[in-house]
Peer 1: 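Sharing a structure here in structure tokens format.
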Protein chains: 2
Amino acid sequence: MAKIKSSKHSTRKDVIVEQAASLFREKGYTATSMRDLAEKVGVEAASLYNHISSKAEILQEICFTVATEFMSNIEQVELKPKNSLEKVEDILRFHIRMMINKYETVYVSDREWKHLNEPYLPNFQNQRRAYRQRFAAVIEEGIRNGEIKSIDAPTAVLIVLHAVSGIESWHRSKRKIPADQLEENMVLMLVGGLKK
Amino acid sequence: MAKIKSSKHSTRKDVIVEQAASLFREKGYTATSMRDLAEKVGVEAASLYNHISSKAEILQEICFTVATEFMSNIEQVELKPKNSLEKVEDILRFHIRMMINKYETVYVSDREWKHLNEPYLPNFQNQRRAYRQRFAAVIEEGIRNGEIKSIDAPTAVLIVLHAVSGIESWHRSKRKIPADQLEENMVLMLVGGLKK
DNA sequence: TAAAAATACTAACAACTGTTAGGAAAATAA
DNA sequence: TTATTTTCCTAACAGTTGTTAGTATTTTTA
């Protein structure tokens with residue numbers, strides 16, 4: 001009967017995780033029931049368990065996929081032959097584009113990770129902390145270089161990361177400015193706020 | 001028997017709402033059960049209903065108290081004989097201090113309002129939108145004055161508001177810089193990012 | 001101290017939660 | 001086509017949810 005659609009490049013599991021991300025973003029992880037998800041996917045709740053092992057697993061999938069993507073990006077940026085402020089801008093732009101293009105997953109990873117179970121929760125928190133420290137290190141380098149104004153680097157990281165998450169409001173707003181303008185405005189204000 | 005503590009200036013209801021805010025902040029509204037709350041308050045779940053009418057009412061209380069506080073602040077700031085950038089700074093500092101001192105309530109209002117019921121949800125959204133528009137108007141005035149760089153005002157508002165919500169990470173972090181330094185750093189970066 | 005009001009308790013409800021068992025139907029492989 | 005594997009279904013489970021009813025106990029008022 002009603003069968004989950006799947007193409008060559010997205011397994012049934014992928015479809016479930018994607019729809020789950022959409023619901024988790026909209027209602028939150030806890031407020032989303034497996035029956036909600038099943039309905040969205042077009043299937044009975046029990047059928048989901050042929051493709052995933054638990055609700056928790058879906059959240060893990062979302063959070064760690066996103067975390068890995070950000071981590072591998074910052075590693076690449078660190079290696080570039082650019083000065084620090086340019087690196088900061090590159091990282092920032094990556095965040096903005098991720099938040100624009102992979103809105104649901106990135107947002108869920110950011111807001112719902114608290115509901116991860118052991119041992120995934122501490123694991124995720126470690127990755128998160130490590131990422132922020134690397135980001136802060138780039139900023140500190142820029143301060144030493146004299147490119148970036150003297151500022152508490154962890155605070156600057158916190159500002160940038162949270163500011164970007166505001167793109168959620170942009171997505172939900174009726175009259176949106178174009179995505180590329182959003183990006184330029186954010187870079188203008190945030191990089192501008194760091195520049196000496 | 002075990003009775004809810006209450007002083008002259010905080011009713012039993014206030015105590016419940018305050019503890020609820022703490023739990024909602026920690027675990028989220030949906031993931032917090034009335035039995036969790038009862039335990040924290042030191043009472044059986046049913047007893048809570050002598051003071052509140054529903055779980056939903058607690059969230060309403062939190063969200064609208066905070067919203068009103070911000071709204072009345074911006075009204076005062078608008079009347080001050082200051083230039084636009086100074087007004088922006090005043091509003092920003094108020095947000096920062098609220099987020100530092102009334103952490104739990106402000107954070108919950110910001111993150112959990114989606115779980116408000118009709119007719120409170122649309123009501124809250126309207127207040128929120130109105131607030132942001134007033135904030136944006138101050139920025140636009142500053143752009144016309146030539147005090148603030150040419151930027152999309154709604155985007156700037158979005159950046160500022162979300163950046164401030166990052167103070168949650170500051171609260172949870174082990175080695176915090178002092179609150180006043182946090183404030184100065186945030187102002188330095190965000191107002192700096194707006195200044196022409 | 002007695003009466004009234006406020007606050008607590010226990011017990012229970014219906015609805016909903018994530019998940020499993022077992023079997024039917026559909027898709028794929030032989 | 002037939003055999004096998006994949007996917008779906010219905011039914012049910014044990015636990016949790018917010019909330020109410022009815023009653024006992026404590027606090028406040030008179």
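Proteins come first, then strands; the chains are lettered A, B, ... in the order of their sequence lines, and each starts at number 1.
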Peer 1: Which residues satisfy the side chain to side chain donor-acceptor pair (under 3.5 Å) test with B:Glu141, sequence neighbours excluded?
Peer 2: B:Ser84

Peer 1: Tell me whether the OP1 or OP2 atom of C:dT7 has a side-chain N or O from B:Arg12 closer than 4.0 Å.
Peer 2: yes

Peer 1: Kindly write out the residues that satisfy side-chain contact (heavy atoms from CB on, under 4.5 Å) with A:Arg97, not counting sequence neighbours, or none if the list is empty.
Peer 2: A:Arg93, A:Asn101, A:Glu183

Peer 1: Could you give the CG-to-P distance, from A:Leu37 to C:dG18, as a whole number of Å?
Peer 2: 9 Å

Peer 1: What pairs with A:Gln133 under side-chain contact (heavy atoms from CB on, under 4.5 Å), at least two apart in sequence or on another chain?
Peer 2: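 Counting only residues at least two positions away or on another chain, A:Gln133 forms a side-chain contact (heavy atoms from CB on, under 4.5 Å) with A:Arg129.
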
Peer 1: Quick check against the 3.5 Å criterion: does A:Asn185 have a side-chain atom that pairs as donor or acceptor with the backbone of A:Gln181?
Peer 2: yes

Peer 1: Under the 6.0 Å and 45° cation-pi test, does B:Lys114 pair with B:Tyr29?
Peer 2: no

Peer 1: Can a salt bridge be assigned to the pair B:Glu147 and B:Lys195 using a cut-off of 4.0 Å between side-chain N and carboxylate O?
Peer 2: no

Peer 1: Considering only residues two or more places apart or on different chains, which pairs with a residue in residues 170-196 of chain B satisfy ring-ring contact (aromatic ring centres under 6.0 Å, His included)?
Peer 2: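 Listed once each, the pairs are B:Tyr103-B:His171.
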
Peer 1: Does some side-chain heavy atom of A:Phe24 sit less than 4.5 Å from a side-chain heavy atom of A:Arg111?
Peer 2: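 No, every pair of side-chain atoms sits at 4.5 Å or beyond.
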
Peer 1: Give, for atom SG of A:Cys63 and atom CZ of A:Arg128, the distance between the pair rounded to the nearest 0.5 Å.
Peer 2: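 Between A:Cys63 SG and A:Arg128 CZ, I get 9.0 Å after rounding to 0.5 Å.
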
Peer 1: Under 4.0 Å, heavy atom to any atom of DNA chain C: which of residues 26-36 of chain A qualify?
Peer 2: A:Thr32, A:Ser33, A:Met34, A:Arg35

Peer 1: So, is B:His51 near the phosphate of C:dA8, with a side-chain N or O under 4.0 Å from OP1 or OP2?
Peer 2: yes

Peer 1: What residues in residues 52-63 of chain B put a non-hydrogen atom under 4.0 Å from any atom of DNA chain D?
Peer 2: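 Output list: B:Ser54, B:Lys55.
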
Peer 1: So does B:Asn50 reach the base of C:dA6 with its side chain, donor to acceptor, closer than 3.5 Å?
Peer 2: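 Answer is no: no donor-acceptor pair is held.
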
Peer 1: Using whole Å, report how far CG of A:Asp14 lies from P of D:dT7.
Peer 2: 12 Å

Peer 1: Nearest to the side chain of A:Glu44 - D:dT10, C:dA8, D:dT7?
Peer 2: D:dT10

Peer 1: It should be established whether B:Ser47 places a side-chain nitrogen or oxygen under 4.0 Å from OP1 or OP2 of nucleotide C:dT7.
Peer 2: no

Peer 1: Write down the distance between CG (B:Leu48) and P (D:dA21), rounded to a whole number of angstrom.
Peer 2: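 Roughly 17 Å, once rounded to whole Å.
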
